Amino acid sequence: MTGLKLSPLNARRLASFRANRRGYWSLMIFAVLFVVCLFAEGIANDKPIFVKYDDNWYFPIVRDYPETAFGGDFEVETDFYDPYLQNKINEHGFAIWPLIPFSYDTIDFDMRETLPASPSARHWLGTDDLGRDVLARLIYGFRISIVFGLALTAISSVIGIIAGAVQGYFGGWTDLTFQRVIEIWSGLPQLFILIILASLFVPGFWSLLFILVLFSWMSLTGLVRAEFLRARNFEYVRAARALGMTDYRIMYRHVLPNAMVATITFLPFVLNGSIVALTSLDFLGLGMPPGSPSLGELLSQGKNNLQSPWLGMTAFFTIAVMLSLLIFIGEAVRDAFDPRKTF
């Protein structure tokens, strides 16, 4: 089975990206962290990964079981922290727990110290002011931030690229009309509009994504517009037009691939801004629903509990490292696609 064969140009770009050790290793580290967080339920959970009871196998992190399945008395969801049920499971089998036996919303009622609790062997990064494990919330919050940022970047980039392509290729009144609309829309006080919309909509992943897409789609429009304005009068575009090829096919087959070279270099920076936007809204209390794991909410916890510095330091270093990795990746991609670079 042969591997994927790259063109000489793309092979040189890949070699240039790998030659940038800082960007290459940043991508590796970021990819590992993201993949690990995708399996957050198996790393941090208040339910066992699997339970063997009377020669039967159960997977509590996949589905819920009544406590009667483990020798309990009631048809209610099993509380695996109940000492009675733990003894029953240990007598008739065993349970394999995640590395962190707390989920993002698990409140540790067995704490004997003032909340927020400091880091310990039970809670590696301490707890917040409600007794929830900080490390568990950090893992889940990191996943939400990255997934949200990727979704926002993808949707806003598609809209922005289409808008910029239509502007640049057709020019004239189409370009002028789009430009005036963008100037008016970008001149609106975005923060106040976001606050108003966030108060009207029920906060959630999809509602926040919709609200932020309304403003973030303009990030790539100007770049794509300039590339299409530059390329629309090239000889190969005129030749395709003379052969009767439709405008939309010319845009898709001939002009867009050239415009995407410059566009791709900006995507890591757009992703960076998308993550910061969600973090900022969560910090202001306008983001994800209360109780959701969020890096912005963790920052807010640090601000409200200055006597517990581990909260603010954990959030700060996590966000700083994550955004730094994305910046390094973006710089490496930019250099790899730079035609002035020699290979």
Side-chain angles (χ1 to χ4, degrees), residues 33 36-53 58-72 74-90 93-148 203-205 279 282-283 285 287-302 304-305 308 310-315 318:
L33 292 176
V36 168
C37 288
L38 286 179
F39 300 94
E41 284 79 7
I43 300 174
N45 211 316
D46 55 2
K47 300 177 182 179
I49 299 176
F50 58 84
V51 176
K52 182 181 180 182
Y53 188 87
Y58 301 90
F59 299 90
I61 65 172
V62 177
R63 56 168 295 186
D64 296 328
Y65 297 99
E67 66 174 39
T68 53
F70 306 105
F74 304 102
E75 289 286 343
V76 296
E77 183 179 348
T78 303
D79 177 10
F80 289 96
Y81 281 106
D82 186 345
Y84 174 77
L85 293 178
Q86 288 182 353
N87 291 332
K88 283 286 188 180
I89 293 174
N90 292 331
F94 62 88
I96 301 298
W97 284 82
L99 182 64
I100 304 170
F102 303 99
S103 186
Y104 68 89
D105 58 350
T106 304
I107 298 177
D108 189 357
F109 293 101
D110 294 332
M111 296 296 298
R112 295 294 182 267
E113 58 181 296
T114 304
L115 300 177
S118 59
S120 62
R122 183 175 178 85
H123 298 283
W124 297 350
L125 293 179
T127 69
D128 60 11
D129 54 12
L130 295 179
R132 299 172 298 190
D133 188 81
V134 171
L135 182 56
R137 293 185 65 78
L138 184 65
I139 294 173
Y140 283 87
F142 186 90
R143 181 176 67 178
I144 289 179
S145 296
I146 299 301
V147 172
F148 185 91
F205 185 93
T279 303
D282 287 333
F283 177 77
M288 300 295 289
S292 300
S294 164
L295 299 179
E297 191 269 344
L298 189 56
L299 274 177
S300 180
Q301 287 268 353
N304 296 330
N305 299 278
S308 305
W310 58 87
L311 293 174
M313 292 175 62
T314 298
T318 300

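All values reported here derive from a predicted model rather than from experimental measurement.
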Do [X] and [Y] come close enough that some side-chain heavy atom pair is under 4.5 Å?
X      : Y      : answer
Ile89  : Phe80  : yes
Trp124 : Leu99  : yes
Asp79  : Glu67  : no
Leu298 : Leu311 : yes
Met288 : Phe148 : no
Glu113 : Ser118 : yes
Arg132 : Thr127 : no
Thr279 : Leu299 : yes

To the nearest 0.5 Å, how far apart are [atom1] in [X] and [atom2] in [Y]?
X      : Y      : atom1 : atom2 : value
Lys47  : Asn45  : NZ    : CG    : 7.0 Å
Leu138 : Ser294 : CG    : OG    : 11.0 Å
Asp46  : Ile100 : CG    : CD1   : 12.5 Å
Asp129 : Ser308 : CG    : OG    : 8.5 Å
Lys88  : Thr78  : NZ    : OG1   : 13.5 Å
Ser292 : Tyr140 : OG    : OH    : 13.0 Å

Heavy-atom closest pair, residues [X] and [Y]:
X      : Y      : value
Ile139 : Ala40  : CG2-CB, 3.7 Å
Arg137 : Asp128 : CD-OD2, 3.7 Å
Gly42  : Ile49  : O-CD1, 3.8 Å
Trp310 : Leu125 : CD1-O, 3.3 Å
Asp133 : Arg122 : OD1-O, 4.3 Å
Pro98  : Ala44  : CB-N, 4.2 Å

(request) Verify, without hydrogens or angle tests, whether Arg63 (side chain) and Ile61 (backbone) share a donor-acceptor contact under 3.5 angstrom. (result)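 Such a contact is absent between Arg63 side chain and Ile61 backbone.
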(message) My understanding is that only one of Tyr53, Phe70, Phe50 makes a ring-ring contact (aromatic ring centres under 6.0 Å, His included) with Tyr58; could you say which?
(response)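 That would be Phe70.
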(request) For side chain to side chain contact (heavy atoms under 4.5 Å, CB included), just list the numbers for Val147 and Phe205, CA-CA rounded to whole Å, side-chain angles, deciding distance to a tenth of an Å, and then say yes or no. (result) CA-CA 10 Å; Val147 172; Phe205 185 93; 4.1 Å; yes
(message) Does Phe39, at its CZ atom, have more than 12 non-hydrogen atoms belonging to other residues, nucleotides or ligands within less than 6.0 Å?
(response)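 At most 12 heavy atoms, drawn from other residues, nucleotides or ligands, come within 6.0 Å of this atom.
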